[in-house]
Amino acid sequence: MSWDAIYRLVKRIPRGRVTTYGEIARVLKVRGGARVVGYAMAGSPSGQGIPWHRVVGAGGKLIIREPHGSLQRRLLESEGVEILGMRINYKLYGWPPVRKGVRKRVRRPAKIPRRT
DNA sequence: CATCTGACGACCG
DNA sequence: GCGGTCGCCAGAT
C-alpha cells in the first residue's frame, strides 16, 4: 500500500466534512489498519493541499496531540465543522469514502419456479 | 535482529 | 461514557 493512495483519497474529502483513519484503512485495505493510516497522515507532505485535518479518530474523536491538535481544531472550525469538547458529530459531518451509488443489493429470492 | 513507539480501534469492566 | 488492554504494523534506534 502506497501512502500516495491514502493522500489521494484524503484530498477528496469535501470541505466541512470529515472521515476517519479506520474508514480509510478499510476502503483502501491498508494492511496495518487505521494505525498505519495515522502514521501516513503524520508524515503527510505539507504544502500539497492534503486536508489532513479532515481525518479524525473513530466516531469523530479528535485524537491528535499538541501542537497539531489545536491547529486541526481551528482548521475544522473555519470550515464550519462544529466541535464539542474533543469530538465531532460524526453522524452529521462524516463523509463516506465509499462510492455508495452502489448500494448493497439484497439478493432477491428469485422467483420460485412454481410448478403447477 | 530485538525493542520501542505511535495523528488507531475494538473490547471489556 | 471513560480509562485500561491488547492487537495491529511500519519506521526508528
Side-chain angles (χ1 to χ4, degrees):
Chain A
M1 166 59 55
S2 65
W3 291 7
D4 199 55
I6 297 176
Y7 297 147
R8 277 202 301 278
L9 179 57
V10 171
K11 281 187 185 173
R12 290 178 26 206
I13 306 175
R15 264 180 69 90
R17 307 301 298 280
V18 302
T19 192
T20 71
Y21 299 98
E23 271 299 290
I24 294 174
R26 273 196 297 275
V27 172
L28 298 183
K29 301 197 163 41
V30 180
R31 292 220 323 131
R35 198 161 206 176
V36 168
V37 173
Y39 193 65
M41 294 311 297
S44 67
S46 59
Q48 296 193 30
I50 299 174
W52 56 269
H53 59 282
R54 295 181 191 146
V55 184
V56 301
K61 280 187 301 193
L62 297 180
I63 57 184
I64 304 178
R65 298 192 298 278
E66 294 306 319
H68 306 85
S70 52
L71 174 58
Q72 178 184 38
R73 199 185 178 85
R74 250 187 31 237
L75 290 172
L76 287 175
E77 287 177 331
S78 75
E79 294 184 352
V81 177
E82 192 176 355
I83 302 174
L84 305 85
M86 283 304 279
R87 62 182 338 193
I88 290 171
N89 184 336
Y90 194 69
K91 307 284 288 201
L92 191 59
Y93 298 103
W95 175 73
V98 281
R99 284 305 190 198
K100 277 312 194 195
V102 291
R103 14 182 212 310
K104 215 156 284 184
R105 184 172 293 288
V106 179
R107 179 169 301 290
R108 181 112 42 94
K111 36 181 69 83
I112 300 169
R114 177 171 298 286
R115 300 181 299 99
T116 55

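Quick note: numbers below take in every heavy atom, side chains included, and nothing from hydrogens, waters or symmetry partners. Chain letters run A, B, ... following the sequence lines, proteins first, then strands; residues in each count from 1.
- Atoms CD1 (A:I63) and C1' (B:dG6) sit 10 Å apart, rounded to a whole Å.
- Rounded to a whole Å, the CZ atom of A:R87 is 15 Å from the C1' atom of B:dC8.
- Summarising the geometry, the separation between CE on A:M86 and C1' on C:dG1 is reported as 15 Å, rounded to the nearest angstrom.
- A straight line from CH2 of A:W52 to P of B:dC8 spans 13 Å, rounded to a whole angstrom.
- You'll find the side chain of A:R15 reaches within 4.5 Å of the side chain of A:R54, heavy atoms only.
- For A:Y90 and B:dG9, the OH to P distance is 9 Å, given to the nearest whole Å.
- Here A:A58 lies in heavy-atom contact (under 4.0 Å) with sugar-phosphate atoms only.
- In this structure, the CD atom of A:Q72 is 14 Å from the C1' atom of B:dC8, given to the nearest Å.
- Both A:Y7 and A:L75 belong to a single network of hydrophobic side chains, linked directly or stepwise wherever heavy atoms of I, L, V, M, F, W or Y lie under 4.5 Å apart.
- Nearest heavy-atom pair, A:A34 versus A:A25, reported as atom, atom and distance to 0.1 Å: N-CB, 3.5 Å.
- Closest contact between the side chain of A:R26 and the listed nucleotides B:dA10, B:dC8, C:dG1 involves B:dA10.
- For the pair A:Y21 OH and C:dA10 P, the interatomic distance rounds to 18 Å; values are reported in whole Å.
- Of all nucleotides listed (C:dG11, C:dC9, B:dC8), C:dG11 comes nearest to the side chain of A:W3.
- Between A:I6 atom CD1 and C:dA10 atom C1' the separation is 11 Å, expressed in whole Å.
- Using a 4.0 Å heavy-atom cutoff across all strands shown, A:G22 reaches sugar-phosphate atoms only and no base atom.
- The hydrophobic cluster containing A:V56 also contains A:L92, counting ILVMFWY residues as joined when their side-chain heavy atoms lie under 4.5 angstrom apart, directly or transitively.
- Side chain of A:Y21 to backbone of A:Y39: no donor-acceptor contact under 3.5 angstrom is found.
- Between A:R31 and C:dA10, a side-chain N or O to OP1/OP2 separation shorter than 4.0 Å is present.
- Mapping A:R35 and A:Y39 onto DNA chain C by nearest heavy atom places A:R35 closer to the 5' end of the strand.
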